[in-house]
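Each remark here refers to the structure printed beneath this line.
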Amino acid sequence: MYESWIRIVSFILLSFLTLPVESLPKHKGTATTGTTSNTKANAAAAAAAAAPASPSGGITKATDGSTILDKTVTINGLSIRYKISAPAESFTAASGVTGAAATANSTGTAGLNVLLHGDGGQSFFDFPNQAVQNNLMGVAVLAPNKNLFWGGGSGLQRTDGVAHAAAVNSLIQNQLPKDMAFDPGNVFFTGVSGGALLLSGFFVPAFGAQYKTGVVLNCGALAPQVNVADAATLATSMKIHFQSTQDELALLQPAIPKAITAYEKLATTAGMSAAQIGAMQTVDNTPNGGGHCGFDGKGFVTGVQLMSTNYANIMGADATGQVTGIGNVKKTVVGNEALKFTSAT
C-alpha cells in the first residue's frame, strides 16, 4: 500500500514539473498576472538554451523532412541562438549542411517565417513553424538573456526592446544570408506572448516598413514603444493579425486593445479607408477555455501549434482566414478594437 502511494505522488510531481513554462509575460510588482512562474521548469529551459551550439551548428531533421540548422552567433554584443528549417539545397556550404548548394548572399525562391517565442522559450524549443509552408521556411530565434525574455525586463516593461529588435533585424539582414539563400522580400513574422510584445512594441515600428509583409501577434501585443519609421508605408504594406483568447492573461487584456487602437490610428492617419484598414489589420479572440495562447481550447503548446499550422490561411496572398476549430479569424479591427474577455487566466 505504501509503495502504491509513493508511485502516485511521484507521478503527480513529474507531471507538474513537465508543464510548459512559456505561459505568460513575467511581471514583477503588485499587478496580478493570473499565474506564477514554474521555477524548476524555467531553469530546465535555461539550461537547454545554454547548451553549446557550435559555429557550424547542430543539424537535425524537421517534421517535413527538411533540414534544421541550430546555430549561435554574436550580434551587436548579444549571443543569438537561432534555428532554420529549410531544404538542404537552400543552405550554403559554410553552414555545414550535407547537400548544401546555395551561394552566400544569394537570393532564393522561398521566403521566411521568423518566430519569436514567449517568456521561457518554449516555442523556440518546440519550433512550431518548422517545415516549409506556403513557400516560407521556418526560423526561430532565442532571446539573448538568461530568463529567455524577448525585450528583457518583465511584464509589459521590455527594457531591452530596442537592442533586441535591432539584433533580430541584423540577424535577418546580415547573418542569415551567410547561412542560406532566401527571398529577402518575403520575410514574415510570428510573435508568441512575450515575443509578440517585442515585435509589436519595438521591431515592427522600427523595421516593419522595410519588410512590407506581415506579422501574426499571438497572445500578446503592445502599442509602439518607439518612434514609428515611415508610418504610412508600414500601415499600407504590413499586414498585422492580432490573435488572443477570451480567457487571456489579466495583464494583457488592456494591452492588446491599446495596441490594436494604436496601429489602426497609424492607418487612419495614412489616409486609409475602413475597407483598406480591414484588409491589412485583423483581429480575433474567439477561442475560450484554453487560457493564454490556448487557441485550440486545450492549452499553450497545442494552441501555438494550431496557429503555426494555419499560418498561410492568415497571412497568405489568398488567405481565407479559416483556422481549424476556430473559423474565420480575419475580422477587421475597425469596430472590433475593444475585445470582449469573459475571464482571466
query: So do the side chains of Leu171 and Tyr82 get within less than 4.5 Å of each other, counting heavy atoms only?
result: yes

message: Given 3.5 Å as the limit, does a donor-acceptor pair link the side chain of Gln281 with the main chain of Thr332, or not?
response: no

Listed once per pair and sorted, the salt bridge (charged side-chain N to carboxylate O under 4.0 Å, His left out) pairs that draw on residues 179-193, sequence neighbours left out: Lys71-Asp179

query: Are the side chain of Asn336 and the backbone of Leu339 linked by a donor-acceptor contact shorter than 3.5 Å?
result: no

- prompt: Counting N and O atoms only, with roles assigned by atom type, does the side chain of Asp160 sit under 3.5 Å from a partner on the main chain of Ala163, one being a donor and the other an acceptor?
  reply: no

message: By the definition side-chain hydrogen bond (donor to acceptor under 3.5 Å, both in side chains), identify the one residue from Asn218, Asn113, Asn129 that meets it with Thr190.
response: Asn113

query: If we ignore angles and hydrogens, is there a donor and acceptor under 3.5 Å between the side chains of Ser79 and Thr74?
result: no

- request: Please examine the side chains of His117 and Phe125, heavy atoms only from C-beta on, and report whether any two atoms are closer than 4.5 Å.
  value: no

query: Do Arg158's NZ or CZ and the ring of Phe149 fall within the cation-pi criteria of under 6.0 Å and 45°?
result: yes

query: With side chains defined as the heavy atoms from C-beta onward, is the minimum distance between Phe182 and Ser106 less than 4.5 Å?
result: no

message: Within the 4.5 Å heavy-atom criterion, are Tyr263 and Val204 side-chain neighbours or not?
response: yes

- prompt: Should Val283 and Val323 be counted in the same cluster of Ile, Leu, Val, Met, Phe, Trp and Tyr side chains packed under 4.5 Å apart?
  reply: no

message: Please check this pair: side chain of Gln130 against backbone of Ser85, looking for a donor-acceptor N/O pair closer than 3.5 Å.
response: no

- prompt: If you round to the nearest 0.5 Å, how far is CE of Met272 from CD of Glu264?
  reply: 10.0 Å

message: Would you say the rings of Tyr211 and Phe203 are close, in the sense that their centroids are separated by under 6.0 Å?
response: yes

task: Return yes if some donor-acceptor pair links the side-chain N/O of Glu248 with the main-chain N/O of Gly291 below 3.5 Å, else return no.
output: no

- request: Count the heavy atoms belonging to other residues, nucleotides or ligands that lie under 6.0 Å from NZ of Lys212, then report whether that count exceeds 12.
  value: yes

message: In the structure I gave you, are the side-chain heavy atoms of Phe202 and Pro224 within less than 4.5 Å of one another anywhere?
response: no

task: Show the numbers, then the answer: is there a side chain to side chain contact (heavy atoms under 4.5 Å, CB included) between Val168 and Leu116?
output: CA-CA 9 Å; Val168 172; Leu116 302 188; 4.2 Å; yes

- prompt: Would you call Asn310 and Gln322 a side-chain contact if the rule is heavy atoms closer than 4.5 Å?
  reply: no

field: His292 versus Thr245, side-chain donor and acceptor atoms under 3.5 Å
entry: no

- request: Working to the nearest 0.5 Å, report the span between CZ of Phe295 and OG of Ser308.
  value: 9.5 Å

query: Quick one: side-chain contact (heavy atoms from CB on, under 4.5 Å) partners of Gln157, sequence neighbours excluded?
result: none

task: May I ask you to test the Ile59-Asp70 pair for a side-chain heavy-atom distance under 4.5 Å?
output: no

message: Under a 3.5 Å distance rule, please check whether Thr261 uses its side chain to pair with a backbone N or O of Pro257 as donor and acceptor.
response: yes

field: Any donor-acceptor pair under 3.5 Å from Ser170 side chain to Ala166 backbone
entry: no

field: Hydrophobic cluster (4.5 angstrom, side-chain heavy atoms) - remaining members for Ile68
entry: Phe127

task: Name all residues meeting the salt bridge (charged side-chain N to carboxylate O under 4.0 Å, His left out) criterion together with Asp284; count only those two or more places apart in sequence or in a different chain, and write none if there are none.
output: Lys331

message: Looking at Gln305 and Pro128, would you say the former's side chain and the latter's main chain have a donor-acceptor pair under 3.5 Å?
response: yes

Could you list the donor-acceptor pairs under 3.5 angstrom formed between side-chain atoms of residues 231-242 and any protein atom two or more places apart in sequence or on another chain?
{"residue": "Thr233", "atom": "OG1", "partner": "Asp230", "partner atom": "OD1", "Å": "2.9"}
{"residue": "Thr233", "atom": "OG1", "partner": "Asp230", "partner atom": "OD2", "Å": "2.7"}
{"residue": "Thr236", "atom": "OG1", "partner": "Ala232", "partner atom": "O", "Å": "2.9"}
{"residue": "Thr236", "atom": "OG1", "partner": "Thr233", "partner atom": "O", "Å": "3.3"}
{"residue": "Ser237", "atom": "OG", "partner": "Thr233", "partner atom": "O", "Å": "2.4"}
{"residue": "His241", "atom": "ND1", "partner": "Thr282", "partner atom": "OG1", "Å": "2.8"}
{"residue": "His241", "atom": "NE2", "partner": "Gln243", "partner atom": "OE1", "Å": "2.9"}

message: Once salt bridge (charged side-chain N to carboxylate O under 4.0 Å, His left out) is applied, what residue pairs with a partner in residues 59-69 remain, sequence neighbours excluded?
response: none

